[in-house]
Amino acid sequence: MPGTQQALIGEMIGADFFRRDPLRCARDLVGCELIWGRCRGGVVETEAYNAIGDEACHCFARPSTRAFVERNQAGAAYIYLNYGVHWMLNVLVKGTENGFVLIRALQPMRGIALMKRRRGVDDERRLCSGPGKLTQALDITIRHHEMNLCVNERFCFRKIADSVEVVADRRIGIRVSADLPWRFTSRDNQHVSIRPKVSSGLKD
DNA sequence: TTCGTGATAGAG
DNA sequence: TCTATCACGAAG
């Protein structure tokens with residue numbers, strides 16, 4: 001099985017990781033570290049979106065998103081503006097199934113002073129505990145759209161732990177396909193956006 | 001609870 | 001052109 005299973009702790013996560021299916025990628029990304037320039041944070045919350053059969057995925061209604069999937073490789077950043085205010089960071093998955101992983105929350109680890117300045121808040125728990133918050137903290141915008149996150153060590157994911165306890169529950173803020181348990185959070189972590197309602201633990 | 005905000009797509 | 005929709009966050 002390609003992916004983090006082969007990556008050593010501290011290594012950049014390669015494109016093979018994103019050549020599986022969105023659910024696996026979303027789950028396995030929890031516990032990895034996102035490196036974004038001078039800032040770093042542990043991924044503590046993700047959601048999976050599937051290009052086929054998932055009405056909540058942009059692919060379902062947006063030709064432009066389907067075109068994005070066609071022309072980009074696994075590991076490309078898919079970034080869009082939501083509600084006219086918040087940038088959303090997603091990673092393209094192209095493998096056994098196509099789709100995206102939405103990065104929903106980080107535990108700030110490095111560059112915290114810079115994140116506080118960008119966010120205008122001091123409480124570390126409020127820095128990156130939501131998809132719109134973390135893009136503001138890391139200064140992620142449309143200019144990063146289509147960037148490959150598997151080639152540049154300044155903008156990538158990194159494996160930092162062997163095993164993390166992950167909880168699966170329903171995705172946040174969507175109206176369709178809302179019953180699917182495709183959100184993944186790091187158990188009892190203080191930096192997730194909204195605490196899971198169920199506590200079905202999944203061990204790696 | 002409500003409300004701002006702008007990209008996108010589809011209808012007319 | 002116009003309108004509905006939207007994977008959010010902050011204030012109250």
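By convention in this document, chain letters (A, B, ...) are assigned in the order of the sequence lines, proteins followed by strands, and residues within each chain are numbered from 1.
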- Task: Consider the side chain of Lys133(A), meaning its heavy atoms from C-beta on, and name the nucleotide among dA10(C), dG4(B), dA9(B) that approaches it most closely.
- Result: dA10(C)
- Would you kindly give the CG-to-P distance between Leu89(A) and dC8(C), to the nearest whole Å? 14 Å
- Pick the nucleotide of DNA chain C nearest each of Arg119(A) and Val101(A); which residue has the one closer to the 5' end? Val101(A)
- Stacking here means centres under 5.5 Å and planes under 30°; does Tyr80(A) stack on dA7(B)? no
- note: Arg125(A), atom CZ; dA10(C), atom C1'; distance rounded to Å ~ 19 Å
- Item | Options dC6(C), dA9(B), dA7(C), nucleotide nearest the side-chain atoms of Tyr49(A) | dA7(C)
- Quick one: Leu23(A) CG to dA7(C) P, roughly how many Å, whole number? 18 Å
- Protein-nucleotide distance (Asp169(A), atom CG; dA7(C), atom P), rounded to Å: 17 Å
- Heavy atoms under 4.0 Å, any strand shown: does Leu102(A) hit a base, just sugar-phosphate, or nothing? base
- Look only at the side chain of Arg158(A) and the backbone of Leu34(A), and say whether a donor-acceptor pair between them is shorter than 3.5 Å. no
- Query: dA9(B) P sits how many Å from Phe68(A) CZ, rounded?
  - Reply: 14 Å
- Query: For Phe68(A), is the NZ or CZ atom of Arg71(A) found under 6.0 angstrom from the centre of its six-membered ring and inside 45 degrees of the ring axis?
  - Reply: no
- Message: Any side-chain N or O of Ser64(A) below 4.0 angstrom from OP1/OP2 of dA9(B)?
- Response: yes
- Separation of Tyr83(A) atom OH from dA7(C) atom P, in whole Å? 6 Å
- Message: Distance check needed: dA7(B) C1' versus Arg143(A) CZ, whole Å only.
- Response: 18 Å
- Message: Taking pairing as Watson-Crick or G-U wobble with both contacts under 3.5 Å, can you name the mate of dA10(C), or confirm there isn't one?
- Response: dT2(B)
- Assert yes or no for the condition that the ring centre distance of Tyr49(A) to Phe100(A) is strictly below 6.0 Å. no
- Contact class for Arg62(A) vs. all strands (heavy atom < 4.0 Å): base, sugar-phosphate, or nothing? sugar-phosphate
- Query: Think Arg104(A) has a side-chain N or O under 4.0 angstrom from the OP1 or OP2 of dC8(C)?
  - Reply: yes
- Query: Reckon Arg175(A) has a side-chain N or O less than 4.0 Å from the OP1 or OP2 of dA4(C)?
  - Reply: no
- Identify, between Ser129(A) and Leu81(A), the residue whose nearest nucleotide on DNA chain C lies closer to the 5' end. Leu81(A)
- Message: Closer than 4.0 angstrom, basic N to acidic O: yes or no for Lys116(A) and Asp123(A)?
- Response: no
- Message: I need the CD1-P distance between Ile79(A) and dC6(C), as an integer number of Å.
- Response: 22 Å
- Message: Please confirm whether the ring centroid of His145(A) lies under 6.0 Å from the ring centroid of Tyr80(A).
- Response: no
